[in-house]
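This report concerns only the one structure given below.
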Number of protein chains: 2
Amino acid sequence: MLSSTSDYALRAILVLAQAEPGRPLRADEIARATGSPANYLAKTLNALAKAGLVTSARGPLGGFTLAVDADQLTLARIVDCFDDPRPNTRCLLGARACDARHPCRAHDRWTAVQATRRAALANTTVADLLEPALVAAD
Amino acid sequence: MLSSTSDYALRAILVLAQAEPGRPLRADEIARATGSPANYLAKTLNALAKAGLVTSARGPLGGFTLAVDADQLTLARIVDCFDDPRPNTRCLLGARACDARHPCRAHDRWTAVQATRRAALANTTVADLLEPALVAAD
DNA sequence: CGAAAACCCGATTCTCATATCCAGATGAGA
DNA sequence: TCTCATCTGGATATGAGAATCGGGTTTTCG
């Protein structure tokens, strides 16, 4: 479903979203809470910080904080940090390039399948996952 | 979007679905038509044959034939041969197991996201991709 | 200013999907 | 039955993501 890096990132973001607002969480705390390998998660958190999704602070009292409101943070934004958002652009039928201007027979239908799958991530926010009772299904 | 193995398999199935019904296509013909590495595709086709999606025949006049009607063959059936259909069962929030009986807060919503993504593959058939004009969007 | 806490980051190793190669097994046709 | 075309499948190489390690840098506090 997700690459393991994206999975770690999503779990980490969920932990941060549930944390007390003022206090940063250390990388090793997040690793323990999510069951992720600590050394690897540190890099993943660093990537999230570079992408602007979390804020990092060094030194004692340092750690990570969510940098985007949970109701503005879609799962697609998290996943895109790690899994290439560009789908395979090669035409499904044959080797030539396939786009909206020169669509192959399967182009529209296949594009729709991909869009549906992406929308499932783009239409769901971190807040949606944490407040299921308040949100209707799409 | 798809693992490259699943991608090869989907393209191969589409080639077979467009082929003249009686005549099998050789692995190397399919590889050339899809732009897949021939040696690797041979294994992929073999896996599809074991799964019953295609029929293989050895010797002269041998090759591969579609074993399932194109309008009965969903993309999910193809992808499931290569990408583990079981999503990560670990609870998104914390380490414990998470299922319908003991759902975590995010369980229903996350399950819905996964179901939407799977449905995009389960509701689309090979025939849908090849006869776009005849099929309404879901 | 010094020490400890915590992130930063390059280098390395591990693992598995991907890819290649080649020796069998099988079947069609002569 | 012989030969050749074709799939079958084991052994092995490659490469990218996953995971680990160690040293460096920044920050708080005494």
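Here is the naming used below: chain letters follow the sequence lines, and residue numbers restart at 1 for every chain.
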Checklist entry - Has the side chain of A:K43 got a donor or acceptor that lies under 3.5 Å from a partner of the other kind on the base of C:dG10? => result yes

Item to check | Sugar-phosphate, base or nothing in reach of B:A42, heavy atoms under 4.0 Å | outcome: nothing

Next on the checklist: For the CG atom of A:N123 and the CZ atom of A:R118, what is their distance to the nearest 0.5 Å?
Outcome noted: 10.0 Å

Checklist outcome for this item: Closest non-hydrogen atoms of B:D71 and B:T125, given as atom of the first, atom of the second and distance, are O-CG2, 3.6 Å

Checklist entry - Given C:dG29, C:dA19, C:dC7, which nucleotide is nearest the side-chain atoms of B:Y8? => result C:dA19

Checklist entry - How many Å lie between CG on B:D28 and C1' on D:dC7, as a whole number? => result 11 Å

Item to check | Nearest-angstrom distance from the residue atom OH of A:Y40 to P of D:dA18 | outcome: 4 Å

Item to check | Closest to the A:T5 side chain, choosing from C:dA19, D:dC29, D:dA18 | outcome: D:dA18

Checklist entry - Over how many whole Å does the gap from A:N39 atom CG to C:dC7 atom P extend? => result 12 Å

Next on the checklist: Heavy atoms only, 4.0 Å cut-off, all strands: where does B:F82 land among base, sugar-phosphate and nothing?
Outcome noted: nothing

Item to check | Nearest-angstrom distance from the residue atom CG of B:L61 to P of D:dC7 | outcome: 11 Å

Checklist outcome for this item: Judged by nearest nucleotide, the residue sitting upstream toward the 5' end of DNA chain C, A:K50 or A:P60, is A:P60

Checklist entry - With a non-hydrogen cut-off below 4.0 angstrom, is A:A38 in contact with a base, only sugar-phosphate, or nothing? => result nothing

Checklist outcome for this item: Which of B:T44, B:L45, B:D7, B:L41 passes side-chain contact (heavy atoms from CB on, under 4.5 Å) with B:S36? It is B:L41

Item to check | Selection from C:dT18, D:dA18, C:dA25 that lies nearest to any side-chain heavy atom of B:S3 | outcome: C:dT18

Next on the checklist: Run B:K43 and B:T5 through side chain to side chain contact (heavy atoms under 4.5 Å, CB included) and show every step you take.
Outcome noted: CA-CA 10 Å; B:K43 289 199 184 306; B:T5 305; over 6 Å; no

Checklist outcome for this item: Between CG of A:N46 and C1' of D:dT26 the distance, given in whole Å, is 14 Å

Checklist outcome for this item: Among C:dA19, C:dC7, C:dG29, the one nearest any side-chain atom of A:R26 is C:dC7

Next on the checklist: Before you tell me yes or no, could you show the steps for B:V126 and B:V68 under side chain to side chain contact (heavy atoms under 4.5 Å, CB included), namely the whole-Å CA-CA distance, both residues' side-chain angles and the distance that decides it to 0.1 Å?
Outcome noted: CA-CA 10 Å; B:V126 169; B:V68 177; over 6 Å; no

Next on the checklist: Under 4.0 Å from OP1 or OP2 of C:dC8: is there any side-chain N or O of A:S56 that close?
Outcome noted: yes

Next on the checklist: How many whole angstroms separate atom CG of B:L41 from atom P of D:dT8?
Outcome noted: 12 Å

Checklist entry - 5'-most contact on DNA chain D: B:G59 or A:S6, nearest heavy atom basis? => result B:G59

